[in-house]
2 protein chains.
Amino acid sequence: MLKISRLTDYGLLATVYLARKPGEVIAAREIAAFYHLPLPMITKVLKTLHAGGIVHSYRGSGGGYSFDGDPDVVTLGQIIETLEGPWDLVECESVDDAGHALCSIRVACPSRRMMFGINRAIKGAFEQVTLAELARGAMPSAVIDKHELSSPRVAERV
Amino acid sequence: MLKISRLTDYGLLATVYLARKPGEVIAAREIAAFYHLPLPMITKVLKTLHAGGIVHSYRGSGGGYSFDGDPDVVTLGQIIETLEGPWDLVECESVDDAGHALCSIRVACPSRRMMFGINRAIKGAFEQVTLAELARGAMPSAVIDKHELSSPRVAERV
DNA sequence: AGAAACCGTACCAAGGTGGTACTGTTTGCG
DNA sequence: CGCAAACAGTACCACCTTGGTACGGTTTCT
Ligand code: FES
Ligand code: FES
């Protein structure tokens, strides 16, 4: 349906949170609490980010995660690539394990090349956004609780 | 997972097939046979395209579908919008039937504005690709410029 | 030793997607 | 007229992905 998954969105939130406190070791619990998101979700996505080398992890008591890279070098594209894995806008370019093309009509397809171009354009757009730019912007102190939005007319004052 | 659905891809195939024979009434069976795709899939997507006003339909024996618009006016964005319905890259901007925001952490989200900009930029890229270019099998000239990501309106044609 | 915190994996419910089937309706043709 | 071709509409289903949870294991600090 042409949207990034919610997990990826969570990953961006966590990365930005860490990048705004460079070098600081922060527990996943703190991030989850700040955004009022389920802790297992945050930990899951942080594991992925660590596996992709975006953030560092420190185990044991007092441990957590930290971002100590250059926020001007890390791009949105890299983060998304880490979180979602390699992706293509259309599966025409993808191949299965046997190297066999997934799309059976490649040779007759009049839109494949165009799709490939769009694919590259989108990836290029993501590559142009740096983590530093993402981290800039208002970091509000108040957060709307999940339940206040589910029920109508309840979110009066936050 | 950041990909367009296969149905949408089928719709592009069908539209391009029709656009390559302007004004000609072509049965769905012919298109399905040409691409070696299941006929019910093609008919389903052609119904959607007809409902969206992209193609015309002619019932009865000898009937079929035809494209008789201006291929330089119809854009890839319009076709995708017709096939997939309104979409957003992230659900942060979407609202449910009651008008409530789907995302519970909007106010605290440091990436929402950036995502919104990217959303617009991608839609703009799709709008810049015409059906005529699609039918020619050309690579799109659309390039997403960094400036579009934060500017309030989508940039002009490249 | 015990607690804090990350690691790994497995599991599940819900929703979306791709695909099929079937019944109706319209139209051309002999 | 009567049949066949072709679109219209809807309903249905199997499968996969996604969002979310659970649980046990490992590391480290105090
Ligand atoms: S539909 Fe597969 S190559 Fe285009
Ligand atoms: S996560 Fe919803 S506004 Fe960004």
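What you are looking at is a predicted structure, and each value in this text was computed from that prediction instead of being measured. Each chain gets a letter, A, B and so on, in the order the sequences are listed, and its residues count up from 1.
- A distance-only check finds no donor-acceptor pair linking the side chain of A:Glu30 to the backbone of A:Ala27 [under 3.5 Å].
- Although no hydrogens or angles enter the test, the distance criterion places no donor-acceptor pair under 3.5 Å between the side chain of A:Lys123 and the main chain of A:Asp88.
- Distances shown here put a side-chain N or O of B:Arg6 below 4.0 Å from the OP1 or OP2 atom of C:dG19.
- Distance A:Ile31 CD1 to C:dC6 P: 9 Å, rounded to the nearest Å.
- The A:Tyr10 side chain lies nearest to D:dG20 when the options are C:dG18, D:dG20, D:dC7.
- D:dT27 atom P lies 18 Å from atom OH of A:Tyr58, rounded to whole Å.
- If you check C:dG18, D:dT21, D:dT18 against the side chain of A:Ser5, the one that comes closest is D:dT18.
- Taking side-chain N and O atoms only, B:His50 has no distance below 4.0 Å to OP1 or OP2 of D:dC7.
- With hydrogens and angles left out, the side chain of B:Arg59 and the base of C:dT27 share no donor-acceptor pair within 3.5 Å.
- Counting only distance, with no hydrogens or angles, the side chain of B:Glu84 and the backbone of B:Ser5 share a donor-acceptor pair below 3.5 Å.
- The distance from atom NZ of A:Lys3 to atom P of C:dT17 is 10 Å, rounded to the nearest whole Å.
- When distances run from any side-chain atom of B:Tyr65 to the nucleotides D:dA4, D:dG19, D:dC7, the shortest one goes to D:dC7.
- Cluster membership for B:Val45 and B:Val25, using ILVMFWY side-chain heavy atoms within less than 4.5 angstrom, is not shared.
- Whole-Å rounding puts the A:Leu18 CG to C:dC6 C1' distance at 14 Å.
- Atom CD1 in B:Ile26 sits about 13 Å away from atom P in D:dA6, given to the nearest Å.
- For the pair B:Trp87 CH2 and C:dT17 P, the computed distance is 14 Å after rounding to whole Å.
- The side chain of B:Lys47 sits closest to D:dA8 out of D:dA8, D:dG19, C:dG19.
- Checked against D:dC7, D:dT21, D:dC29, the side chain of A:Pro40 finds its nearest nucleotide in D:dT21.
- In this structure, B:Leu39 places its CG atom 13 Å from C1' of D:dA8, rounding to the nearest Å.
- Here the nucleotide nearest the side chain of A:Ala27, chosen from C:dG28, D:dC7, C:dC6, is C:dC6.
- A donor-acceptor pair is defined here as one N or O able to donate and one able to accept, closer than 3.5 Å; such a pair exists between the side chain of B:Tyr35 and the backbone of B:Leu13.
- Nearest-nucleotide positions on DNA chain D place B:Thr43 closer to the 5' end than the other of B:Thr43 and A:Lys44.
- Going from atom CG of A:Asp9 over to atom C1' of D:dG19 covers 13 Å, rounded to whole Å.
- Distances from the side chain of B:Met41 to the nucleotides D:dG20, C:dA3, C:dG19 place C:dG19 closest.
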